[in-house]
*Asks:* 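Take a look at this one; I'll ask things after.
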Amino acid sequence: MTAPIAAADVTRHKWWGWGQDDVAFSVTNRPAFIDLARNEIGIDLANAPAPVAPVLTDHEVPATRLPGAVREQLARALGEDAIRDDDEHRVLHSFGRSLPDLFRVRTGAFERLVDAVVYPGGEEDVAAVLRIVLEHDLVLIPYGGGTCISGSVTPDAEEQRPILTMNLGRLSRILEIDDTSGLARVQAGMYGPDMEAELNAKGWTVGHFPDSFTFSTVGGWAATRSSGMQSDKYGDIEDIARGLRLVHPDGVAVTKAIPGRDSGPSVHEMILGSEGRLGVITEVTVQVHRSAPVRQVIGYMYPDWEHGIRGMHAIARSTDVTPTFTRLSDGPETKFSLALSSKTPTTTKAKVSAKVQDGLFAYLRSQGWDTSEEMCLSYVCFEGSKASVEQQKSIVKRIVKANGGVTLGASVGKVYDQKKFDTPYLRDFLLGHQVFGDVCDTGATWSSINEVHTKVYEAFEEVQRAQDLPGFMFCHMSHSYHAGACLYFTFAFPYSSEEQALEQYYRAKEAVQQTFVDLGSTVSHHHAVGVEHRPWITEDIGEVGVRMVEGLFADNDPGRNLNPGKIVAF
């Protein structure tokens, strides 16, 4: 068996933001985006100085609390190279990528850092660390790619015991592919792009592409009940993860990789979404599919949100099409997307494309469309044989037309497909200009989806008026199901001062989240619970449900050593 990679070779974010050090968002040649930022949130990006990357040595990093004797015991179990307790590793692993986490890390608010990071090379190492944790009454936080935006990997500021973060990045291999069953055993620390590339080379795909895909891991997907952009076809992680291995205080819990199970309450489901509260996921057996010979993303446009939702609903209910994904941006998001992609054309091809777009928008206005505020951009992805894709495209084109929309074609969809993982870099850019940009998502039924869409806007606008702050919100529909869909809201506003920033942020977020649960929607569709969504967990699953979850955690982890306080307060 191939030896695990070294801890030094594990992929990781920059310590203060998203992704790679040499990748950043830029407003260069984006005049429409500059105008949008000025008009909607009052920020003059054209004349503002470029943001300066934070420097860790500008902040005081608290010393580790890990006793030397415990560190020596960990080093004997794993090897010295698998222990990291330098400032940068500890800071990096003490924050996920939630807006509050990023704000705190950038401003040096290091209230409580993890005391060391351990990098196990296999399941035996994971078990050895867990034994040491229990022996010395430490706290253990499992860590995949650190992309969570719910505080799932963030230590409790009040925790007095030494805290270890376990980075699973060395567990990064596909162990086995069962070609007959279409199953792949994958170590939990394998990053999405690495797994997909290896599978693609053999003609397979998992088809799971969350927004965090480039920096998230298979085990992280399972631990947080992840959803991907292509869940319409491939399902959410609970549909994809067929089997699991979890190192537990009493041993290893194993769920069989089988297509169905009837063994009482599902241990498999208990582990999914458990966020490290039951142990450490070390393997996930995922369902894989043969890569489709043809894949196309087609763009469409609707005159407004109501027409677009009717179109999306009709596609979801059609018995003749099985899209890989369907997505609908509302008017404000379409405005944002067009502003973000609009650049001054410099090549002949770009100039021709701009003229074609201008002509299309002029025609739509002649038909009574509001092309500046109301029209809604949509994408539908098709996969299969050439004949199947062409047939499904034809059916969807008719559905779109019957619901007032027009077909834009494949070139628009290709641009979306190429840029779909870049948005998090924009949030870092905005933070550099003292602007918060964040997201809230929910699952709603088709019968309530329009009300949720309207009421969330009203709640956000009301709280921003009360705070005397400008704000911009937009939304898209994604992850379509037979009974409903996910609504994914994005909002942005400049905070008034560093001292008031997080208070202003939480007022806005709380207004949105409370509207979700008040209208019977989920507290989150796929962003986990962690601590950021924990205030609404009782309203989401009920008091009895909370007691059942607390009982599960208390029985399996009575000493609260495993990522305590996540999901529920226990």
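What you see below is based on every heavy atom in this structure, not just the backbone, and it leaves out hydrogens, waters and symmetry mates. No experiment lies behind these values; they were computed from the predicted model shown. Sequential numbering from 1 along the given sequence is applied to the chain's residues.
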*Asks:* Parallel, tilted or perpendicular: which fits the ring planes of Trp221 and Phe213, with parallel below 30° and perpendicular above 60°?
*Replies:*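 Answer is parallel, since the angle falls under 30°.
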*Asks:* Glu550 and side chain to side chain contact (heavy atoms under 4.5 Å, CB included): which partner among Asp555, Val568, Ile567?
*Replies:*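 With Glu550 as partner, side chain to side chain contact (heavy atoms under 4.5 Å, CB included) holds for just one option, Val568.
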*Asks:* So, Phe474 versus Phe472, ring centres under 6.0 angstrom or not?
*Replies:*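 Here the rings of Phe472 and Phe474 have centres that are less than 6.0 Å from each other.
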*Asks:* Measuring centre to centre across the rings, with the benzene-like ring taken for any Trp, is Tyr505 within less than 6.0 Å of Phe103?
*Replies:*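 Judged by ring-centre distance (under 6.0 Å), Tyr505 and Phe103 do not meet the cut-off.
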*Asks:* Fit a plane to each ring of Trp18 and Tyr425, take the angle between them on a 0 to 90° scale, and name the class: parallel (under 30°), tilted (30 to 60°) or perpendicular (over 60°).
*Replies:*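 Plane angle over 60°, so perpendicular.
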*Asks:* With no hydrogens and no angle check, do the side chains of Tyr457 and Asp330 hold a donor and an acceptor under 3.5 Å apart?
*Replies:*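 Yes.
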*Asks:* Identify whether the distance between the nearest side-chain nitrogen and carboxylate oxygen of Lys509 and Glu532 falls below 4.0 Å.
*Replies:*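 No salt bridge links Lys509 with Glu532.
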*Asks:* Using distance alone, with no hydrogens and no angle criterion, decide if Thr255 and His268 have a side-chain donor and acceptor under 3.5 Å apart.
*Replies:*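 Side-chain D/A pair, Thr255 to His268: present.
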*Asks:* Going by an N to O cut-off under 4.0 Å, is there a salt bridge joining Asp156 and Arg112?
*Replies:*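 Judged by the 4.0 Å cut-off on N to carboxylate O distance, Asp156 and Arg112 do not form a salt bridge.
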*Asks:* Answer with yes or no after comparing the ring centroid distance for Tyr379 and Tyr416 against a 6.0 Å cut-off, counting only values under it.
*Replies:*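 Centroid separation for Tyr379 and Tyr416: below 6.0 Å.
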*Asks:* Please name the residue in the list Asp320, Asp232, Thr322, Val396 that meets the side chain to side chain contact (heavy atoms under 4.5 Å, CB included) test with Ile315.
*Replies:*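 Testing Ile315 for a side chain to side chain contact (heavy atoms under 4.5 Å, CB included) against Asp320, Asp232, Thr322, Val396 leaves exactly one candidate, Val396.
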*Asks:* Less than 6.0 angstrom separating the ring centers of His533 and Phe516, yes or no?
*Replies:*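 Not close enough - the centres of the two rings lie 6.0 Å or further apart.
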*Asks:* With no hydrogens and no angle check, just 3.5 Å: does a side-chain donor-acceptor pair link Gln464 and Glu461?
*Replies:*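 Distance-only check fails for Gln464 and Glu461.
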*Asks:* I need the single residue from Thr217, Thr205, Val284, Val218 that forms a side chain to side chain contact (heavy atoms under 4.5 Å, CB included) with Met195. Which is it?
*Replies:*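 When side chain to side chain contact (heavy atoms under 4.5 Å, CB included) is applied between Met195 and each of Thr217, Thr205, Val284, Val218, only Val218 qualifies.
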*Asks:* In this structure, which one of His526, Glu269, His525, Glu275 forms a side chain to side chain donor-acceptor pair (under 3.5 Å) with Arg225?
*Replies:*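 Only one option passes, and that is Glu269.
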*Asks:* Which of these, His453, His527, His479, sits in a ring pair (Phe, Tyr, Trp, His ring centres under 6.0 Å) with Tyr488?
*Replies:*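 One option only clears the test, and that one is His527.
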